[in-house]
Amino acid sequence: MRRQRGSRIPGAPLRPAMTAPAPASKPVKVRIAPSPTGDPHVGTAYISLFNYAFAKQRGGKFLLRIEDTDRARSTRQSEEAILASLRWLGFTWDEGPDVGGPSAPYRQSERLPIYREHVEQLVAAGKAYWCSCTEERLAAVRKEQMARKQNPGYDRHCRTRNPAEVRAEIEAGATGVVRLAVPREGETVFNDLLRGEIRFANAEIDDQVLLKSDGYPTYHLANIVDDHLMGITHVLRGEEWITSTPKHVLLYQAFGWEMPAFGHLPLLRNADKSKVSKRKNPVSLSYFREAGYLPEALINFLGMMAFTFEDGREMFSLKDFVENFKLERISLGGPVFDLAKLRWLNARYLRERTSDAEWVAYLKDRLFQDEYLTRIVQLVRERVEKSEDFVAYADFFFKGDVTPPAAELMLKDCSKKAVVVLYEELVEKVDTCFDFSASNVEAMMRHFCEQKGVSAKDVFAAVRLMVTGKKATPPLFETMSVLGRERVRTRIRAAIAALKALPEQPAGEAKKP
RNA sequence: GUCCCUGUCGUCUAGAGGCCCAGGACGUGGCCCUUUCAAGGCUAAAACACGGGUUCGAAUCCCGUCAGGGACACCA
């Protein structure tokens with residue numbers, strides 16, 4: 001890939017936006033804006049790293065904002081886990097929900113009046129409009145568009161109606177949202193820091209919802225309002241945002257605000273090149289911590305995704321990265337998140353940069369933490385005769401992989417495929433089982449079996465084998481709870497993979513379901 | 001399907017027209033070291049997606065094709 005950024009403009013310096021950031025003179029300020037809707041994600045760490053380095057290198061500010069505008073999915077628990085993970089990796093932020101700052105609050109759910117006020121301003125200026133279309137109508141429009149092989153999108157029905165009428169409907173109880181009035185003609189253009197000029201025909205841009213019917217803003221609105229109010233100068237985010245950038249540009253124009261510079265980083269990928277996902281990769285930062293990866297190694301590894309040092313160095317600290325980071329050395333092909341190289345790096349950190357004493361401290365802190373050992377002892381004390389039996393009996397609490405015999409994971413009267421699907425559905429349940437207490441795990445599992453109409457007894461036996469590698473263990477739900485959601489999900493996924501690798505129908509064993 | 005982004009070994013990548021019959025690292029194979037296993041050393045196989053231009057000269061610039069990805073929500 002040859003970088004031609006900006007060179008299409010005659011007389012302009014190569015990659016002008018990088019040498020002279022769009023909002024000149026202002027001190028650099030960037031942000032990471034995670035959405036607290038699940039486990040802390042490795043993508044968040046990756047994007048943070050680039051933002052952090054970019055800002056710190058220029059003596060700028062790095063800010064953390066919580067984008068919790070999805071009321072149904074956002075949780076405080078997830079927010080806390082995200083902050084803890086980012087701190088574990090060594091990041092610090094100058095402003096954020098926990099540390100405060102001049103633009104507080106930093107949680108979007110606490111800024112509702114601000115968005116409301118701004119959206120009214122847009123409506124008054126004719127840049128946005130209220131829409132009272134029902135979900136049913138939207139669905140019908142969509143269906144028809146699909147049938148006619150048109151692009152799905154809002155048909156701008158309410159934009160052509162009398163605003164007072166629409167308003168009256170909403171006041172009378174119809175659900176109402178506010179949409180952006182996208183110009184029907186012309187183009188919206190922006191200069192990507194990494195990719196040069198990107199243009200979109202306005203006709204392709206949907207009249208995006210800005211304010212939802214529950215009064216919460218959508219990402220698009222909140223993001224622009226906050227970035228402006230918080231003085232963000234550079235937005236470095238994932239490539240997935242490129243197609244919504246024109247909407248953001250239009251919003252800045254509608255408000256009459258100066259735009260930050262945008263740069264879209266290549267997305268981390270699974271081995272099959274799709275966007276990295278928990279289905280195909282461990283992506284939770286909690287997993288990496290629990291599995292015993294050093295934060296230094298993970299940071300180092302993420303830093304070699306899409307970036308290389310000029311001197312070719314492969315081992316570097318966060319500080320080194322900050323000092324040597326250059327936007328123009330980012331390569332744009334989406335890097336595959338390949339754990340093999342991470343393992344090698346982690347091993348090097350352990351070997352070369354970790355003293356015996358540090359090792360011991362690390363083990364005590366991770367694997368042999370008092371609290372963890374206590375929970376295990378409580379489970380095994382009745383089942384062990386002398387303390388040396390402990391190791392043999394409780395080994396799976398300390399292991400990485402447990403390698404259960406795949407053939408024994410089959411269920412009576414089920415095809416291999418059916419079993420795989422069943423276990424995959426179970427992992428989904430585990431993924432969203434945030435309260436991993438024994439009683440809650442039990443409820444989740446029993447409910448699951450009931451729902452699927454499968455024998456709880458058989459499934460529990462299989463799960464026991466999957467998560468411990470053994471047939472004889474302490475009570476299953478307590479065991480799962482102590483192991484923790486991360487280990488449980490990882491082990492079940494590993495077992496599923498082993499199951500898939502099994503020859504189709506092992507010798508007359510399973511009948512069709 | 002439409003729009004947008006991207007395309008160098010299996011993977012991460014170096015490469016800014018001659019330094020490149022393409023370099024490094026992970027992984028894989030072999031050999032050495034070694035009581036074993038690692039680590040380490042040496043070594044091998046392994047890539048410029050394809051086709052047209054431009055140029056004395058193209059991995060590098062232009063166009064097209066193909067391929068991959070992303071987006072098309074009252075999720076971010």
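None of the values given here were measured: they were computed from a predicted structure. Lettering follows sequence order; numbering is per chain, from 1. Values below: all heavy atoms of this structure, side chains included; hydrogens, waters and symmetry mates excluded.
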* Contact class for A:V177 (heavy atom, under 4.0 Å): base, sugar-phosphate, or nothing? -> base
* **A:R142 side-chain N/O to B:A73 phosphate OP1/OP2 under 4.0 Å** => yes
* Could you state the atom-to-atom distance from CG of A:D206 to C1' of B:C74 in whole Å? => 12 Å
* To do: Measure from the side-chain heavy atoms of A:P335 and tell me the nearest of B:G70, B:G27, B:C12.
  => B:C12
* **Presence of donor-acceptor pair under 3.5 Å, side chain of A:T243 and base of B:C4** => no
* Assess the side chains of A:T218 and A:Q208: does a donor N or O sit below 3.5 Å from an acceptor N or O? => no
* Under 3.5 Å on both distances, the Watson-Crick or G-U partner of B:A44 -> B:U28
* Asked: How far does the P atom of B:C48 sit from the matching atom of B:G57, given to the nearest Å?
  -> 22 Å
* **A:N151 CG - B:A71 P separation (whole Å)** => 16 Å
* Asked: Using atom C1' of each nucleotide, how far apart are B:A44 and B:U35 to the nearest Å?
  -> 29 Å
* Quick one: A:N346 CG to B:C26 P, roughly how many Å, whole number? -> 15 Å
* Structure fact -> Checking B:C74, B:C4, B:C26 against the side chain of A:I198 (C-beta onward), the nearest is B:C4
* Asked: Is the phosphate of B:G40, meaning OP1 or OP2, less than 4.0 Å from a side-chain N or O of A:R351?
  -> yes
* If you check every side-chain atom of A:D338, which of B:U11, B:A14, B:A76 has the closest atom? -> B:U11
* Considering every strand shown, what is the Watson-Crick or G-U wobble mate of B:U2 when both distances are under 3.5 Å? -> B:A71
* Taking a pair as Watson-Crick or G-U wobble with both distances under 3.5 Å, which nucleotide is matched to B:G57? -> none
* NA contact type, A:A33, heavy-atom cut-off 4.0 Å: base, sugar-phosphate, or nothing? -> nothing
* **A:K247 side-chain N/O to B:C72 phosphate OP1/OP2 under 4.0 Å** => no
* To do: Can you tell me, in whole Å, how much space there is between the P of B:G64 and that of B:C4?
  => 12 Å
* To do: Figure out the CZ/P separation between A:R348 and B:A38, and round it to whole Å.
  => 19 Å
* To do: Please state how far atom CZ in A:F200 lies from atom C1' in B:U2, giving the value in whole angstrom units.
  => 12 Å
* For atom CG of A:L332 and atom P of B:A14, their distance in whole Å -> 10 Å
* **Electrostatic pair A:D70-A:K212, nearest N-O below 4.0 angstrom** => no
* Using the P atom as the reference point in each nucleotide, state the distance between B:G27 and B:A22 in Å, no decimals. => 24 Å
* Could you tell me whether the side chains of A:H41 and A:S85 share a donor-acceptor contact shorter than 3.5 Å? => no
* **Check ion pair A:E197-A:R199 (N to O, under 4.0 angstrom)** => yes
* Are any of A:R179's side-chain N or O atoms less than 4.0 Å away from OP1 or OP2 of B:C74? -> yes
* **B:U13 OP1/OP2 closer than 4.0 Å to side-chain N/O of A:S331** => yes
* Structure fact -> Partner of A:D155 under salt bridge (Lys or Arg N to Asp or Glu O under 4.0 Å), picked from A:R179, A:R161, A:R137, A:R142, is A:R137
* Asked: Taking for each residue the nucleotide of RNA chain B bearing the nearest heavy atom, is the 5' side occupied by A:A201 or by A:P217?
  -> A:A201
* Same-atom distance (P) from B:C50 to B:G10, integer angstrom -> 13 Å
* Structure fact -> When both distances are under 3.5 Å in a Watson-Crick or G-U wobble arrangement, the nucleotide paired with B:C20 is none
* Asked: In whole angstrom, what separates A:F190's CZ from B:C4's P?
  -> 12 Å
* **Pairing nucleotide - B:C66, Watson-Crick or G-U, each distance under 3.5 Å** => B:G7
* To do: Could you tell me whether A:R269 contacts a base, only the sugar-phosphate backbone, or nothing, with contacts defined as non-hydrogen atoms closer than 4.0 Å?
  => sugar-phosphate
* Paired nucleotide for B:A14 [Watson-Crick or G-U wobble; both distances under 3.5 Å] -> none
* Choosing from B:G68, B:C12, B:C4, which nucleotide comes nearest the side chain of A:M305? -> B:C12
* In whole Å, what separates the P atom of B:A14 from that of B:C9? -> 12 Å
* Is A:K273 near enough to B:U11 that one of its side-chain N or O atoms lies under 4.0 angstrom from OP1 or OP2? -> yes
* To do: May I ask you to decide whether A:R493 forms a salt bridge with A:D431, counting only side-chain N to carboxylate O separations under 4.0 Å?
  => yes
* Asked: Is any NZ, NE, NH1 or NH2 atom of the basic residue among A:E79 and A:R107 found under 4.0 Å from an Asp or Glu carboxylate oxygen of the other?
  -> yes
* To do: By nearest nucleotide on RNA chain B, pick out whichever of A:I242 and A:G334 is the more 5' one.
  => A:I242
* Of the nucleotides B:A14, B:C12, B:A76, which has the atom closest to the A:T308 side chain? -> B:A14
* Asked: If the C1' atom of B:A76 is compared with that of B:C37, how far apart are they to the nearest Å?
  -> 48 Å
* Structure fact -> A:I205 CD1 to B:A73 P, in whole Å, measures 14 Å
* Asked: Taking a pair as Watson-Crick or G-U wobble with both distances under 3.5 Å, which nucleotide is matched to B:U36?
  -> none
* Asked: A:K275 side chain N/O closer than 4.0 Å to the phosphate oxygens (OP1, OP2) of B:A71?
  -> yes
* Are A:E424 and A:R279 close enough for a salt bridge, meaning some N to O gap below 4.0 Å? -> no
* Does A:R329 put a side-chain nitrogen or oxygen below 4.0 Å from OP1 or OP2 of B:G15? -> yes
* B:A76 phosphate, OP1 or OP2, under 4.0 Å from A:T69 side-chain N/O -> yes
* **Nearest to side-chain heavy atoms of A:A340, which nucleotide of B:A76, B:G27, B:G69** => B:G27
* Structure fact -> Picking from B:A25, B:U2, B:C5, the nucleotide nearest the side-chain atoms of A:E204 would be B:U2
* Short N-O contact, A:R353 and A:E358, less than 4.0 angstrom -> no
* What interatomic distance, in whole Å, is found between C1' of B:C33 and the corresponding atom of B:A38? -> 13 Å
